[in-house]
2 protein chains.
Amino acid sequence: MARTAGSHSQITGPRVRAAALKLFSDQGFAAVSMRAIAQEVGVQVGALYNYTRDKQTLLFDLMQSHMDTLLRAFEDNPQAAADARLQHFVTFHIAFHHDRPDAVFIAYMELRNLTPDNFARIETLRRRYEDRLEAILRDGVAQGAFDIVDTKITTLAIIAMLTGVNTWFRPEGRLSLVDVQTQYWDMVRKLVS
Amino acid sequence: MARTAGSHSQITGPRVRAAALKLFSDQGFAAVSMRAIAQEVGVQVGALYNYTRDKQTLLFDLMQSHMDTLLRAFEDNPQAAADARLQHFVTFHIAFHHDRPDAVFIAYMELRNLTPDNFARIETLRRRYEDRLEAILRDGVAQGAFDIVDTKITTLAIIAMLTGVNTWFRPEGRLSLVDVQTQYWDMVRKLVS
DNA sequence: GTCTATATAGTGATAGAC
DNA sequence: GTCTATCACTATATAGAC
């Protein structure tokens, strides 16, 4: 879509982020040029630098924004039964990740393209999310609801299992998302019992 | 390591593959230049083309070789008890993937950098491996040893869970690989019961 | 805010000398 | 089999016109 000169700051910023999200997810950060992002947005390449300091910052902002959204979206209730809290985590994780496959893909695949500083910041956020799940498992063990050898390993195993749904689930497929949530909760429930 | 002109076909070929494996794993296929591979090997860039038609073929050969090795390495015994076969799969998968983290990383992360034809070939091999696990689960259900709602989903969930070990396991860490194998088998065993 | 033009450097791949 | 030199492009980022 060709554009002529003019002011579009209100809409161009989000469009740059959306274009980068899509292209980074499809082709990978290193394979996507600033020119390709500009073309997707419909501006010339120079205009992008009104919205990001450089390409690295663009990637970091996308990942940080994703992790912030994740941490804010998950609401745990430490007063509830551990079983209910774990079921909530499972269904939440599957639904949240299903809703934003591009951001999830980038957050897992482009870690090595972050500068060391940026990498450390994203890892801190990821750790914080894992700790939310581990707290549930620990409380469940303390209450006698769960039988778990090592809550840290179980945390990582459950998250890997749940996140894997994104690699194969298709809405037009054999199963609905609710089916998937139900089956994964069934597996997780048995895994911690 | 500087080299002068001469014949080294016996050793250069494997060195090119080893260098590409390491660099693709560390930085990603798109971020690695043929010049960087040549420098790692210790030759000039033109010499690489005696060992690969182009960069894409180099990537494909690495992934195909990894999947071939995986399929040949896993030996199932359909006569044995489903429980023992599943335990063997779990310990095998963890050990095999632990032994070659670079190849595993590439096989999962660089799929989108394959041409459509090459992608289809790798996917066929991956599917074949998944089918080996699903056959075990199916037989176990038929024998009444396992209680599984959907063998396909359970297959994908188990593989995602096991492969996730590579993202965090460090030999110098708190747990030995045998500890990890034991704990994952414990989780998988409960998951299918 | 967006444009065009440009600086500077790097890319994959090939040709031909040795 | 490896080297050097080169082609034709593409890359990120910036400067200054409008």
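Residue numbers begin at 1 in each chain, while the letters A, B, ... track the order of the sequences.
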May I have the distance from [X] (atom [atom1]) to [N] (atom [atom2]), rounded to whole angstrom?
| X | N | atom1 | atom2 | value |
| --- | --- | --- | --- | --- |
| Met34(A) | dC9(D) | CE | C1' | 19 Å |
| Gln39(B) | dT11(C) | CD | C1' | 15 Å |
| Tyr49(A) | dA13(D) | OH | C1' | 5 Å |
| Ile37(B) | dT11(C) | CD1 | C1' | 12 Å |
| Gln56(B) | dT11(C) | CD | P | 18 Å |
| Asp54(B) | dT11(C) | CG | P | 17 Å |
| Lys55(A) | dT10(D) | NZ | P | 15 Å |

Contact under 4.0 Å: [X] side-chain N or O vs [N] OP1/OP2:
| X | N | value |
| --- | --- | --- |
| Gln44(A) | dT2(C) | no |
| Thr12(B) | dG1(D) | no |
| Ser33(B) | dT11(C) | yes |
| Tyr51(A) | dT2(C) | yes |

Give a yes or no on whether the ring-centroid distance for Phe60(A) and Phe119(A) is below 6.0 angstrom.
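Between Phe119(A) and Phe60(A), which both carry aromatic rings, the centre distance is not below 6.0 Å.
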Hey, is NZ on Lys22(A) packed in by over 12 heavy atoms from elsewhere, all under 6.0 Å?
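Atom NZ in Lys22(A) is not packed in, count stays at 12 or less.
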